[in-house]
Amino acid sequence: MGRLQNKVAVVTGGAMGLGQAVAERFAAEGAKLALGDINADALEATAAKIAASGAEVTTLVGDVTEEANAIQLIEDAVAHYGHIDILVNVVGGSRNTKIWEMSVEDWDHVMRLNLRGTFLCTRQASQHMMKRRQGKIICFSSGAREGTPWSAYYSGASAYSTVKAGVHGFIRDVSMELAEYNINVNAVAPGPINTERVGAGLQRLNETVERSPNMMTPMGRLGEPSEVADAVLFLATDEASYISGHTIAVAGGR
Ligand SMILES: NC(=O)c1ccc[n+]([C@@H]2O[C@H](COP(=O)([O-])OP(=O)(O)OC[C@H]3O[C@@H](n4cnc5c(N)ncnc54)[C@H](O)[C@@H]3O)[C@@H](O)[C@H]2O)c1
């Protein structure tokens, strides 16, 4: 028996990076998956890999920051599997620019990408979870929620730090609203992680920054996607049944 045997999990941004790591880990633990992603080719490849491992998986191609797509992702999962046990809101990212050069478009993009889909999918999934009085919702914050000296200094990440602090605020309040329905709402806050998209750049940065006071992590290395997936898995199981409204740092001791 896997730790998520027969649990139904929706994962946004499940095609690549940390979302893919979460999806593959959940599948290995017996979950049935519904993946939503904007990248059709990558989504197809990840779903094929998961299906080949013997797990059940459905996909929806679309931008989850659009209300209709977020609603469809959740409703398709409920229609196919009958219910949802777990929602993982992974979609997010940054457009780094120093504050004095940041365009309104870049600021709005970062706010929307990190928070709008998280809000929309949580709103839709919670209605189904409330009926069954059970559920786990896990969102993606970042070590940046408390500021990132290296990003600030080199490239400017104020919009990203702002919005990831916003994810923490979101899970604090939503966890209280949903507590009486036995729904746990938490977040993970990864530090610099070795994903396909940002790993190489972070590795260069890690070799550039001075160890103190601007060191990226006390452990002095990037994290692996599987190390983030492990923390998400824990929050998705009943081992975390008395944890809600909490953001767990997966950030090499930072
Ligand atoms: N990689 C890191 O070091 C790191 C550190 C801290 C936090 N995070 C957070 O973890 C999450 C995942 O990061 P990642 O590095 O794996 O990202 P990634 O860019 O590698 O993967 C993101 C996935 O989301 C999909 N996606 C992007 N926009 C979408 C949209 N609007 N609708 C649907 N799908 C969309 C992409 O196609 C991709 O499959 C993000 O919230 C990110 O902010 C990452």
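All residue numbers refer to positions in the sequence shown, counting from 1. Whatever order the structure lists ligands and atoms in, that order sets their numbers, starting from 1.
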- [ ] Under the side chain to side chain donor-acceptor pair (under 3.5 Å) rule, collect the residues that match up with Ser94, sequence neighbours excluded.
- [x] Asn96
Task: Worked check of salt bridge (Lys or Arg N to Asp or Glu O under 4.0 Å) between Glu146 and Arg254 - done: CA-CA 10 Å; Glu146 296 180 78; Arg254 190 164 176 266; over 6 Å; no
TODO: Please work out which of Asp37, Asn39, Thr46, Val167 has its closest non-hydrogen atom nearest to atom 36 (C) of ligand 1.
DONE: Asp37
Open item on the list: When you measure from atom 22 (C) of ligand 1 to the protein, is at least one non-hydrogen atom found at a distance under 4.0 Å?
Closed with: no
Open item on the list: Is it true that, when you exclude Arg204 itself, more than 12 heavy atoms of the residues, nucleotides or ligands shown sit nearer than 6.0 Å to its CZ?
Closed with: no
Open item on the list: Does only the side chain of Met16 get under 4.0 Å from ligand 1, or the backbone, or both, or neither? Count heavy atoms.
Closed with: both
- [ ] Going by heavy-atom distance to atom 33 (C) of ligand 1, choose the closest among Ala42, Gly19, Gly62.
- [x] Gly62
Open item on the list: Other residues, nucleotides and ligands only: do more than 12 of their heavy atoms fall within 6.0 Å of CD on Glu44?
Closed with: no
Task: Best match, Leu222, Ile193, Thr195: closest heavy atom to atom 3 (O) of ligand 1 - done: Ile193
Open item on the list: Are more than 12 heavy atoms, taken from residues, nucleotides or ligands other than Glu196, located less than 6.0 Å from that residue's CD atom?
Closed with: no
Task: Contact partition for Leu202 relative to ligand 1, non-hydrogen atoms under 4.0 Å - done: side chain
TODO: May I have all residue pairs that pass side chain to side chain donor-acceptor pair (under 3.5 Å) and include part of residues 171-180, sequence neighbours excluded?
DONE: none
Task: Atoms in ligand 1 flagged as close to Val90, the criterion being non-hydrogen separation under 4.0 Å - done: 11 (C), 12 (C), 40 (C), 41 (O)
Open item on the list: Please classify the Leu113 to ligand 1 contact at 4.0 Å (heavy-atom distances, strictly less than): side chain, backbone, both or neither.
Closed with: side chain
Task: Backbone N/O of Ile99 and side chain of Ser158: donor-acceptor pair under 3.5 Å - done: no
Task: Lys164, portion touching ligand 1 at heavy-atom distance under 4.0 Å - done: side chain
Task: Numbered atoms of ligand 1 (with element) below 4.0 Å of Ser141, judged on heavy atoms - done: 7 (C)
- [ ] For Val198, take its heavy atoms, then give the atoms of ligand 1 lying under 4.0 Å from any of them.
- [x] 1 (N), 2 (C), 3 (O)
Open item on the list: Could you tell me, atom by atom, which parts of ligand 1 come under 4.0 Å of a heavy atom of Val91?
Closed with: 28 (N), 29 (C), 30 (C), 33 (C), 34 (N), 35 (C), 41 (O)
